[in-house]
Number of protein chains: 2
Amino acid sequence: MAETRSVDTRERILDAAEKLFTANGFDGTSMRQITGAAGVNLASVNYHFGSKEALVQEVFRRRLAWLNTERLRVLTTMEQAAGDKPLKPSQIVEGFFGTLLGMAQDEARGGVTFLRLLGRTLTDPADFIRTFLADEYQEVVERYKAALFKALPDVPRAEIAWRFHFMLGATSYAIAGTDALRLVTDWQVDDEDATDRLDRLQPRLMSFLLGGLRAPLPKF
Amino acid sequence: MAETRSVDTRERILDAAEKLFTANGFDGTSMRQITGAAGVNLASVNYHFGSKEALVQEVFRRRLAWLNTERLRVLTTMEQAAGDKPLKPSQIVEGFFGTLLGMAQDEARGGVTFLRLLGRTLTDPADFIRTFLADEYQEVVERYKAALFKALPDVPRAEIAWRFHFMLGATSYAIAGTDALRLVTDWQVDDEDATDRLDRLQPRLMSFLLGGLRAPLPKF
DNA sequence: AATTAATTCATACGTTCGTTTGAATGATAT
DNA sequence: ATATCATTCAAACGAACGTATGAATTAATT
């Protein structure tokens with residue numbers, strides 16, 4: 001086997017595809033752009049991945065495998081430390097969304113590029129992407145939701161589920177739109193540089209999420 | 001002028017395009033699908049709108065014109081009623097996001113279909129869409145942001161801007177993903193039917209948004 | 001009724017898309 | 001060194017795309 005060659009090609013393709021998908025979307029990125037940017041032959045994608053659709057899935061699988069494992073590890077560790085006691089909501093939120101935001105600083109795990117891609121893709125219209133992502137997320141979301149149910153026994157479960165949903169939205173959007181819809185934040189934060197902005201995003205978002213999670217229940 | 005014919009054709013195209021864009025995205029929707037669903041000739045789109053890109057913009061302009069006017073009207077009315085006093089944050093949030101969510105019930109203004117399209121499109125990668133949307137939103141966002149600054153004079157402006165951003169995200173996502181990433185809510189809310197769910201979304205979301213907006217400030 | 005203008009129509013153009021093919025090249029193993 | 005296998009490569013495929021064209025049709029104007 002000619003291992004070094006093919007592994008290189010695979011990863012070069014995945015890296016190039018990740019960047020281009022983030023910048024131009026799936027439909028907006030052609031195989032020729034990807035292979036061109038990766039410096040490999042056009043036919044390589046179909047040889048290594050089978051199809052463009054399969055490439056898209058592999059771009060996500062590569063990153064989500066780690067993210068999901070890490071999220072489960074963090075939750076399990078916290079639950080073991082807590083024994084029978086329920087976790088604090090802030091712990092759970094921090095475990096789920098903090099792990100995600102941590103990837104932004106980790107260039108080897110995709111960094112901001114992948115986060116932006118993920119945030120945007122959660123609302124992608126293409127069926128095969130949504131079902132794929134739902135499958136990948138399912139176990140982790142269930143575990144964290146269960147933890148929240150236990151942590152907030154007096155709050156109706158439907159309410160918690162919805163607020164989880166809202167938290168996901170605020171987070172995805174905060175990441176995906178960091179320089180997308182800058183209009184909201186543009187003139188107020190230009191005293192901070194780009195890296196500073198990202199460092200400060202996490203505590204800011206966490207405060208917001210926790211405030212929303214613990215808000216008074218709506219009166220119907 | 002053959003007015004009735006062309007007006008019909010224009011609106012049939014816009015309606016069909018709105019639905020198809022929502023279901024399949026912009027790149028995922030072809031001119032032939034649009035004209036086919038609208039029951040008009042393929043060349044009609046280029047005749048009436050000039051290009052596919054221009055059609056996309058018109059799909060939004062048609063709805064956003066009303067939404068923006070209404071948002072400004074609501075804000076102005078509230079400010080006049082308040083005189084010199086600052087508005088309550090809940091009023092401002094209700095004015096901005098309540099107006100939006102109200103469109104869901106208004107089929108003549110696009111209903112849920114347009115809301116879903118709008119929510120998803122705020123993070124669309126295509127440049128011409130983002131700049132177009134930013135232009136359309138600019139004035140309204142500025143006015144509401146200013147109202148929030150006045151309502152929360154002790155909160156740093158950067159913080160308010162960010163939380164506005166987060167609120168936009170939670171809302172967009174709540175709308176766009178209502179049946180997209182159902183995995184979060186699926187098993188907890190199936191006791192409610194579809195219309196019921198949408199009626200209840202608004203108070204639920206408002207509680208969440210206000211909780212987030214008024215959350216304790218993060219400690220850096 | 002005749003003329004003009006606006007709209008609709010069938011059809012075709014050139015481009016780009018994802019994918020396939022079969023030969024060339026490289027590395028591994030006997 | 002030779003045979004075997006995996007990988008790369010240049011080239012081409014048919015399909016689908018957005019757009020343009022010029023004739024046919026319909027409505028409005030005189």
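Just so it is clear, the structure is predicted and the values come from calculations on it, not from any experiment. Letters A, B, ... mirror the listed sequences (proteins, then strands); counts begin at 1.
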When we call it a touch if two heavy atoms are under 4.0 Å apart, what does Thr35(B) touch: a base, just sugar-phosphate, or nothing?
->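 Nothing: the residue Thr35(B), judged by heavy atoms under 4.0 Å, touches no strand.
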
Are any of the side-chain nitrogens in Asp15(A) or Arg62(A) under 4.0 Å away from the carboxylate oxygens of its partner?
->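 Judged by the 4.0 Å cut-off on N to carboxylate O distance, Asp15(A) and Arg62(A) do form a salt bridge.
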
Set of residues satisfying side chain to side chain contact (heavy atoms under 4.5 Å, CB included) with respect to Ala23(B), sequence neighbours excluded |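 Here no residue qualifies.
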
Among dG18(D), dG18(C), dT7(C), find the nucleotide with the atom closest to the side chain of Met31(A).
->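 Among dG18(D), dG18(C), dT7(C), the one nearest the side chain of Met31(A) is dG18(C).
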
Hey, what's the ring geometry for Tyr173(B) with His165(A), parallel, tilted or perpendicular (30° and 60° as the breaks)?
->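 Because their plane-to-plane angle is over 60°, the rings of Tyr173(B) and His165(A) count as perpendicular.
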
Please work out whether the ring planes of Phe164(B) and Phe97(B) are parallel, tilted or perpendicular, with thresholds of 30° and 60°.
->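 Perpendicular, since the angle between the ring planes exceeds 60°.
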
Taking salt bridge (charged side-chain N to carboxylate O under 4.0 Å, His left out) as the test, write out the residues that go with Glu70(A), two or more places apart.
->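 Partners of Glu70(A) under the salt bridge (charged side-chain N to carboxylate O under 4.0 Å, His left out) test: Arg73(A).
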
Distance in angstrom units between [X] [atom1] and [N] [atom2], rounded:
| X | N | atom1 | atom2 | result |
| --- | --- | --- | --- | --- |
| Asn46(A) | dT8(D) | CG | P | 13 Å |
| Leu55(A) | dT19(C) | CG | C1' | 14 Å |
| Lys52(B) | dA16(D) | NZ | P | 15 Å |
| Phe26(B) | dC17(D) | CZ | P | 17 Å |
| Phe49(B) | dT19(D) | CZ | P | 13 Å |
| Ile34(A) | dG18(C) | CD1 | P | 7 Å |
| Asp8(B) | dA27(D) | CG | P | 12 Å |

Identify, between Tyr47(A) and Glu53(B), the residue whose nearest nucleotide on DNA chain D lies closer to the 5' end.
->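 Mapping each residue to its closest nucleotide by heavy atoms, the 5'-most match is Tyr47(A).
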
Which parts of nucleotides 9-14 of chain D does protein reach within less than 4.0 Å, heavy atoms only, written one letter per nucleotide 5' to 3' as B for base, S for sugar-phosphate only and - for none?
-> BB-B--

Closer than 4.0 Å, any side-chain N/O of [X] to the OP1 or OP2 of [N]?
| X | N | value |
| --- | --- | --- |
| Ser30(A) | dT16(C) | no |
| His48(B) | dT8(C) | yes |
| Thr9(B) | dT8(C) | yes |

Closest approach of Leu201(B) to Trp162(A) (non-hydrogen atoms, all atoms of both residues) =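 It is CD1-CZ3, 3.7 Å.
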
Do the numbers put Arg71(B) on top of the ring of Tyr144(B), so that NZ or CZ is under 6.0 Å from the six-membered ring centre and no more than 45° off the axis?
->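 The answer is no; the distance or angle limit is not met.
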
